[in-house]
Amino acid sequence: MARQVGGRPTSLPAGKTSMGRQDAPSDVAEPYPLSTLRHSVAHLMASAVEKLHPGVQFGFGPPIEHGFYYDFQLPEPLDAKELKRIEKEMRKIAKKAGGFERKVRSREEAKKVLAERGQSFKVEAVDLIPEEEEITFYSHGDWEDLCEGPHIDRLDRPFHFKLLSVAGAYWRGDEKNPMLQRIYGTAFWTKEALDEHLAWLEKVKEQDHRRLGAELDLFSLHAEAGAGLVFWHPRLGAVRREMETFWWEEHEKRGYEAVYTPHVVREDLFRVSGHLENYAEMMYAPMDIEGIPYRVKPMNCPGHILIFDDRGHSYRELPVRMAELGGCYRYERSGQVHGMMRVRGFTLDDAHIFCRPDQLAEEIAGVIELIRHMVTTFGFEFTAYLATRPEEKSIGADEVWENALAALRDGAKRAGIELELDEGGGAFYGPKIDFKLKDALGREWQTSTIQCDFNLPERFDLTFVDSDGEKKRPIMVHRAVYGSLERFVGVLIEHYGARFPFWLSPTQVAVIPIREEHEDYARKLEERLRSERLRVDLLDAHSHMNKRIRQAKKEKVPFLLVVGDREAEEGTVTVSERGKEEQVSVPFDAFVERVLALRASRGLDLEA
RNA sequence: GCUGCUGUAGCUCAGUGGUAGAGCACUUCCUUGGUAAGGAAGAGGUCAUGGGUUCAAGUCCCAUCAGCAGCUCCA
């Protein structure tokens with residue numbers, strides 16, 4: 001039952017991975033692709049579920065990137081304990097099930113057989129299979145399923161699996177449809193591979209920004225403040241300040257100018273911009289100020305437009321590049337908010353470029369260069385996606401959309417990057433290039449974006465005076481590097497596992513005097529480091545030295561300076577560097593010089 | 001929003017309708033220690049919130065809020 005008709009796309013469609021069905025060599029470690037194994041294990045799981053829960057109705061059960069799932073409709077909820085029972089039953093069935101058998105049925109017969117078994121979702125699934133394709137069934141033991149295949153030959157081969165979680169999922173991914181129970185699991189040919197995957201899952205859990213955020217005093221969320229609203233603590237405030245400084249430096253170098261705009265403005269502004277028409281369900285409700293409705297901004301663009309439109313512009317002054325770290329609020333449904341990654345109040349690292357049509361591709365190339373420079377500084381690889389016009393809710397003529405797409409393609413070409421296609425993924429006002437960053441654990445995050453907009457200039461009737469004295473329409477580019485500071489810092493926490501590069505570290509240097517009598521010397525070091533605007537923490541001698549070292553290491557401080565008699569006398573420090581076993585004694589001045597160079601380089605490693 | 005689950009000390013978590021617990025963290029004292037857990041004592045709780053059942057509720061029921069795994073949607 002791998003056919004993904006109408007379901008969510010999966011990275012490994014089972015039908016595309018066919019190897020010989022009957023003649024696989026039995027003496028190799030991986031006789032079939034993982035997706036084929038996982039799909040077969042999904043069948044095995046479904047048969048076990050039916051054994052334990054007669055009357056269950058089946059949905060889809062495909063292999064996915066890291067495993068497989070199968071959807072079930074059952075009167076009773078499944079829980080973790082039940083997963084154990086199902087696993088046990090699966091092992092039992094696998095032992096005696098023997099091989100998979102393939103059977104072709106006519107469309108009518110298939111529906112009849114499935115209807116007799118009460119499998120109404122499967123009957124619907126038959127109708128989703130294209131006319132010209134064969135309707136096939138696969139069985140193992142006495143259990144049969146509508147399925148495109150392929151499968152491994154026998155279930156008594158050695159392989160290793162684990163059921164991981166259970167969650168709700170709409171039939172065919174549509175929230176208007178009934179919700180089924182989905183069991184996720186994974187399978188590998190070897191125990192080592194399974195263990196490695198489970199270790200990866202464990203690491204993902206350990207590096208979860210919500211866990212690290214609480215553990216390391218980085219940020220908090222509060223029920224009494226409301227869902228999706230983030231409180232940045234001082235230690236993460238330091239990281240944010242560095243991110244902002246870096247951001248402004250790189251923007252000012254490229255001709256961006258800072259602007260500041262209000263958080264709450266008259267609703268009419270969003271009527272003109274089209275937000276009320278196209279974006280209202282994402283906006284906070286209006287508030288009444290002396291009889292006039294006001295709205296909290298979900299985006300900064302209308303404000304920047306007011307600044308641009310406050311006076312006339314000559315073609316000579318374009319492009320105008322306006323930048324703002326603007327606080328925005330968007331209504332997210334309660335089930336969507338997630339730590340710092342998905343919030344209701346956030347800071348867009350926003351900028352709008354107003355330019356002439358002949359400047360567009362060059363501007364886009366410039367933004368791509370900026371994004372590439374910044375995200376690689378953080379150590380990310382990225383993929384760029386070209387997102388085209390959405391099917392519902394969009395504004396503007398087709399031709400305008402085509403022009404914008406062409407400019408985005410041209411800009412990418414000039415900047416020398418490849419574009420993947422994201423059909424229908426554009427904003428309501430124009431097409432865009434979205435960047436997905438790949439983190440240290442191999443996961444992708446959507447952050448940076450470049451959006452072409454021919455529509456807002458139209459709506460606000462923006463103009464500039466061209467060289468021929470005629471009024472012309474400028475083009476607007478919306479763009480963000482971080483996307484939102486909240487999401488980006490969340491990604492950074494997970495990417496680094498909170499072992500931030502030196503320039504970003506909440507605490508950069510911990511000074512640890514061995515005994516009380518060394519505190520004077522330690523304090524001198526602290527003052528000097530602080531005068532260089534380094535973030536330093538003096539852990540005084542009221543508690544045991546080992547305890548203080550343990551604390552500093554737990555906080556993942558890049559450099560610990562341990563100082564005692566010897567150091568105070570010689571003017572040195574004994575440096576314990578994050579990730580290294582051995583300690584080295586160096587003159588304090590040399591240490592300061594080293595870390596200042598390291599900070600200035602914004603290097604990823606502690607070596608400058 | 002939907003399905004399921006969860007909410008007990010700062011953190012991780014025990015707790016069977018009948019007197020609220022442990023480890024770590026914290027405070028004080030002892031220990032003066034050269035690179036990841038020295039010792040002792042102490043303090044810390046509206047058991048998320050509001051209703052209900054009961055002689056009696058952390059425990060059972062309902063609602064609300066928040067969180068978790070997903071689905072759907074997104075920066």
Side-chain angles (χ1 to χ4, degrees), chain A residues 7-8 69 71 73-74 76-80 82 164-184 205 208 210-211 214-217 220-229 279 281-282 298-299 328 330-344 346-350 425 427 432 434-436 445-449 451 478 480-488 490-491 510 512-518 541-554 560-567 574-577 580-583 585:
Chain A
R8 294 278 298 161
Y69 67 77
D71 291 341
Q73 188 172 57
L74 278 170
E76 65 276 9
L78 300 167
D79 59 18
E82 186 58 23
L164 297 170
S165 62
V166 53
Y170 300 108
W171 164 239
R172 295 179 60 199
D174 188 333
E175 63 185 339
K176 291 184 209 76
N177 287 338
M179 186 160 268
L180 311 177
Q181 296 190 68
R182 173 172 297 179
I183 301 180
Y184 285 92
K205 214 166 127 191
D208 190 306
R210 294 165 299 182
R211 177 199 184 107
E215 229 168 63
L216 300 179
D217 193 18
S220 53
L221 303 159
H222 300 271
E224 58 268 49
L229 301 169
Y279 207 72
E281 72 274 18
M282 294 293 290
M299 294 183 189
C328 292
R330 295 182 190 171
Y331 166 70
E332 295 283 357
R333 298 198 289 179
S334 56
Q336 326 272 54
V337 295
H338 180 94
M340 296 195 104
M341 303 298 199
R342 188 80 179 270
V343 293
R344 287 182 176 159
F346 57 99
T347 315
L348 277 177
D349 67 314
D350 215 351
K432 57 182 183 174
D434 280 332
F435 292 76
K436 285 193 178 147
W445 303 96
Q446 141 86 95
T447 54
S448 320
T449 184
Q451 312 184 348
H478 312 243
V481 181
Y482 295 139
S484 86
L485 272 85
E486 285 74 10
R487 175 176 289 183
F488 200 87
V491 173
I512 299 178
I514 290 170
R515 288 191 306 279
E516 245 169 60
E517 64 215 67
H518 307 125
H542 76 265
S543 67
H544 264 251
M545 192 183 75
N546 277 356
K547 191 171 179 176
R548 288 176 279 145
I549 287 170
R550 186 165 68 243
Q551 184 191 331
K553 297 216 166 169
K554 202 188 118 209
L560 315 191
L561 305 184
V562 176
V563 294
D565 290 330
R566 209 170 56 228
E567 289 81 2
T574 295
V575 182
S576 180
E577 189 177 316
K580 284 193 177 169
E581 282 294 317
E582 73 278 16
Q583 298 94 40
S585 287

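In what follows, every chain begins at residue 1, and chains take the letters A, B, ... in the order their sequences are listed.
Following rounding to the nearest Å, A/Leu348 (CG) and B/rC74 (P) show an atom-to-atom distance of 16 Å. One atom, CH2 of A/Trp171, and another, C1' of B/rG70, lie 18 Å apart when rounded to the nearest Å. Separating the NE2 atom of A/His222 from the P atom of B/rU49 is a distance of 17 Å, rounded to the nearest angstrom.
Taking atom C1' on both nucleotides, B/rA75 is separated from B/rU6 by 28 Å, rounded to a whole Å. For the P atoms, the distance linking B/rC61 with B/rA43 amounts to 36 Å, nearest Å. Spacing between B/rU31 and B/rG39 at atom P, rounded to whole Å, works out to 15 Å. Of the C1' atoms belonging to B/rC47 and B/rG15, the separation is 11 Å, rounded to the nearest Å. Comparing B/rG17 with B/rC73, their C1' atoms are spaced 44 Å from each other, to the whole Å. One C1' atom belongs to B/rU8, the other to B/rA14, and the distance between them is 10 Å to the nearest Å. When the C1' atom is compared between B/rG70 and B/rU64, the two are found 23 Å apart, to the nearest whole Å. The same atom, C1', is picked in B/rA69 and in B/rC30; the two are 49 Å apart, to the nearest Å.
Using a 4.0 Å heavy-atom distance criterion, A/Arg548 is classed as making no nucleic acid contact. Contacts of A/Gln336 with the nucleic acid, taken as non-hydrogen atoms under 4.0 Å apart, include base atoms. At the heavy-atom level, A/Lys432 lies under 4.0 Å from the strands shown only through sugar-phosphate atoms. Across all strands, A/Ser165 comes closer than 4.0 Å only to sugar-phosphate atoms, never to a base (heavy-atom distances). Counting any heavy atom pair closer than 4.0 Å across all strands shown, A/Thr574 reaches a base atom. Residue contacts shown for A/Glu516 include a base, since a base heavy atom lies under 4.0 Å away. Among the heavy atoms of the strands, none lies under 4.0 Å from A/Asp79. Using a 4.0 Å heavy-atom criterion, one finds that A/Ala223 contacts the sugar-phosphate atoms exclusively. Residue contacts for A/Phe488: at a heavy-atom cut-off of 4.0 Å it reaches no nucleic acid atom on any strand shown. Heavy atoms of A/Ala227 sit under 4.0 angstrom from primed sugar atoms or phosphate atoms, though from no base atom. The residue A/Ile549 sits close to a base: some heavy atom pair falls under 4.0 Å. Counting any heavy atom pair closer than 4.0 Å across all strands shown, A/His338 reaches sugar-phosphate atoms only and no base atom.
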* Footprint string (nucleotides 23-31 of chain B, 5' to 3'): B base within contact, S backbone only, - free, heavy atoms under 4.0 Å -> --SS----B
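Applying the 4.0 Å criterion to OP1 and OP2 of B/rC71, one finds that A/Tyr184 has a side-chain N or O inside that range. Close to B/rG67, at under 4.0 Å from its OP1 or OP2, lies no side-chain N or O of A/Arg210. Here A/Thr449 does not reach the OP1 or OP2 of B/rA75: none of its side-chain N or O atoms lies under 4.0 Å away.
The base of B/rU72 sits within donor-acceptor range of the side chain of A/Arg333, with an N or O pair under 3.5 Å. The base of B/rG34 sits within donor-acceptor range of the side chain of A/Glu567, with an N or O pair under 3.5 Å. Scanning atom types as modelled, one donor and one acceptor separated by under 3.5 angstrom connect the side chain of A/Arg487 and the base of B/rC74. You won't find any donor-acceptor pair under 3.5 Å spanning the side chain of A/Tyr69 and the base of B/rG70, going by distance alone.
Using a 4.0 Å cut-off between charged side-chain N and carboxylate O, A/Lys432 and A/Asp434 make a salt bridge. For A/Glu581 and A/Lys553, the salt-bridge test fails: no basic side-chain N is under 4.0 Å from an acidic carboxylate O.
Look at B/rG1: its Watson-Crick or wobble partner, with both distances under 3.5 angstrom, is B/rC71.
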* With salt bridge (charged side-chain N to carboxylate O under 4.0 Å, His left out) as the test, would you mind laying out the steps for A/Arg172 and A/Asp174 before giving the verdict? => CA-CA 6 Å; A/Arg172 295 179 60 199; A/Asp174 188 333; over 6 Å; no
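Remark: the A/Asp565 side chain and the A/His518 side chain contain an N/O donor-acceptor pair separated by less than 3.5 Å. Side-chain atoms of A/Ser585 and A/Thr574 include a donor-acceptor pair closer than 3.5 Å.
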